[in-house]
Amino acid sequence: MKLYGATVSWNVTRCVVALEEAGAEYQIVPIDFATAEHKSPDHLARNPFGQVPAFQDGDLHLWESRAICMYVARKHKPDLLREGNLKESAMVDVWLEVEANQYTAALNPILYQCLVSPMFGGTTDQKVVEENLEKLKKVLEVYEARLAKHKYLAGDFLSLADLNHVSVTLCLLATPHASLFDPYPHVKAWWDGLMARPSVQKVAALMKPSA
Amino acid sequence: MAPLKLYGMPLSPNVVRVATVLNEKGLDFEIIPVDLTTGAHKQPDFLALNPFGQIPALVDGDEVLYESRAINRYIATKYASSGAALLPATPSAKLEVWLEVESHHFYPNASPLVFQLVFRPLFGGAPDPVVVDKHAHELAKVLDVYEAHLAQNKYLAGDQFTLADANHASYLLYLTKTPKAGLVNDRPHVKAWWEDIAARPAFQKTAAALPLPPPPSA
């Protein structure tokens with residue numbers, strides 16, 4: 001399996017987490033944004049939106065990090081999805097959507113302002129950061145209530161829904177807002193549990209996010 | 001079997017996303033109004049269904065779900081043998097890609113466009129031209145990718161109509177009622193794809209049920 005992209009991208013490393021957890025054999029093929037390689041015909045053939053990650057497994061070419069993660073989970077660790085158990089898979093699907101539409105939707109602009117903009121010589125728009133921190137805190141209140149009742153987001157089992165949070169949360173640790181989880185003890189415990197997993201440790205080392 | 005309960009405002013495109021799939025499956029459902037204008041979505045009764053305080057939510061017996069795309073996948077899975085098959089028997093990675101494309105490329109641009117051009121006027125406001133132009137520009141680029149894809153594929157995941165197509169229907173319906181309908185209609189394969197979806201009897205039922213005001217007279 002080939003994963004195309006740079007490990008500085010949290011969308012790329014979202015897939016690395018899934019690949020590591022699934023114990024899949026894969027290689028990361030770097031795509032150089034500095035030379036606009038992501039807009040080259042070769043890369044556009046892999047991802048017509050000219051983004052990373054892109055993925056290849058034999059003849060199969062995929063893009064969109066969460067579609068890639070789902071493919072990897074289905075192939076190598078279907079237990080992460082619980083398909084075949086309607087109640088459990090429904091919860092996995094709800095929390096997969098929540099990660100994308102509630103959690104990462106609020107966290108993305110914070111990461112962009114704090115980590116990406118400065119990388120390109122831009123400034124951090126504190127207003128955007130503050131607005132999204134407020135949104136994220138409201139989301140974390142819901143997570144706190146959920147994780148007070150269940151060990152993991154979809155229930156008492158680890159699922160892809162938990163894992164899809166890892167890459168963006170590792171990046172949060174590289175911003176001035178690393179202690180955001182402190183007021184939410186169950187969220188913190190959930191995160192500490194994820195951090196202890198060998199797969200997550202490996203991805204953290206790979207990312208070495210720089211502020 | 002008791003009708004499923006779909007909580008939300010009947011005109012909300014995310015609610016209609018779910019109604020689309022419920023009708024494709026031929027399922028009996030009722031829309032239980034949650035009036036966003038009175039803040040009903042932030043009241044304890046509704047938060048008990050969706051703690052994120054957003055519509056839609058779905059109640060199917062004991063099962064309470066939210067996030068329209070998760071709801072749709074659940075319906076397509078549980079009721080696989082009713083109505084149109086929206087998920088293939090063998091999981092399709094290509095289908096997963098286009099479900100994500102709807103969520104992360106189409107929707108982030110279609111949604112603000114529909115809000116500005118359809119819903120602001122409905123509530124007595126005017127569209128913000130800066131927001132409209134920005135998202136029309138972005139959606140044009142996205143739909144160029146769809147155009148190329150649909151030139152090679154009848155539907156997004158291949159030969160068959162699937163959940164990936166169904167998840168686009170509500171926003172396509174609204175978009176094609178606005179001055180930005182050209183985004184769809186100027187792209188022959190996108191237009192043909194939309195017209196095919198619009199002609200589906202189940203979707204005609206969904207569209208007919210929308211309490212839309214009549215268009216302004218010319």
Side-chain angles (χ1 to χ4, degrees), chain A residues 11 44-45 47-51 54-75 78 81-106 108 135 138-139 141-146 149 154 161, chain B residues 14 42 47-54 57-58 60-80 87 90-108 111 138 141-150 152 157 163-164 167:
Chain A
N11 293 316
L44 286 170
N47 180 338
F49 294 96
Q51 293 179 333
F55 176 86
Q56 183 190 343
D57 184 12
D59 289 338
L60 188 65
H61 295 261
L62 303 175
W63 73 92
E64 296 304 317
S65 66
R66 294 172 186 86
I68 296 167
C69 290
M70 183 164 286
Y71 171 78
V72 169
R74 271 189 187 137
K75 186 172 181 183
L81 296 172
R82 302 288 162 120
E83 290 172 323
N85 181 319
L86 185 67
K87 270 184 151 12
E88 288 182 346
S89 63
M91 285 300 106
V92 174
D93 290 335
V94 166
W95 287 91
L96 282 169
E97 288 295 309
V98 168
E99 177 271 315
N101 300 327
Q102 310 295 339
Y103 182 84
T104 296
N108 256 354
K135 281 188 195 166
K138 292 220 151 33
V139 169
E141 285 169 19
V142 180
Y143 275 54
E144 180 63 17
R146 176 72 181 175
K149 287 197 258 179
Chain B
N14 291 321
K42 303 295 179 190
L47 291 173
L49 299 178
N50 183 352
F52 294 98
Q54 294 180 337
L58 183 85
D60 178 12
D62 289 339
E63 207 64 59
V64 179
L65 299 169
Y66 51 90
E67 293 294 333
S68 62
R69 296 170 187 85
I71 293 170
N72 277 359
R73 194 191 284 266
Y74 163 84
I75 296 164
T77 304
K78 180 174 179 183
Y79 300 101
L87 292 171
T90 316
S92 159
K94 188 170 170 181
L95 169 56
E96 298 302 334
V97 168
W98 286 90
L99 284 168
E100 288 296 306
V101 170
E102 182 276 318
S103 183
H104 298 292
H105 296 275
F106 178 79
Y107 172 78
S111 174
E138 289 303 315
K141 290 194 274 183
V142 169
L143 290 175
D144 284 343
V145 176
Y146 279 59
E147 180 63 17
H149 181 69
L150 291 164
Q152 308 292 328
L163 193 60
N167 277 358

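Letters go in sequence order (proteins before strands), and every chain restarts at 1.
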Can you tell me which portion of [X] sits under 4.5 Å from chain B's heavy atoms? Options are side chain, backbone, both or neither.
| X | result |
| --- | --- |
| A/Phe55 | neither |
| A/Leu60 | side chain |
| A/Val142 | side chain |
| A/Val98 | both |

Hey, could you give me the [atom1]/[atom2] distance between [X] and [Y], rounded to the nearest 0.5 Å?
| X | Y | atom1 | atom2 | value |
| --- | --- | --- | --- | --- |
| A/Glu97 | B/Ser68 | CD | OG | 7.0 Å |
| A/Asn101 | B/His104 | CG | NE2 | 6.5 Å |
| B/Asp62 | A/Lys87 | CG | NZ | 5.0 Å |

Handout entry: Cationic N near anionic O, under 4.0 Å, A/Arg74 to B/Glu96
Key = yes
Exercise for the section: Using the six-membered ring wherever Trp is involved, compare the ring planes of B/Tyr66 and A/Trp95 and label them parallel, tilted or perpendicular (cut-offs 30° and 60°). Expected result: perpendicular
Exercise for the section: Heavy-atom distances under 4.5 Å only: say whether B/Val97 touches chain A with side chain, backbone, both or neither. Expected result: both
Problem - B/His105, part contacting chain A, at a heavy-atom distance under 4.5 Å - result: side chain
Handout entry: Close side-chain approach of B/Val101 and A/Trp63, heavy atoms under 4.5 Å
Key = yes
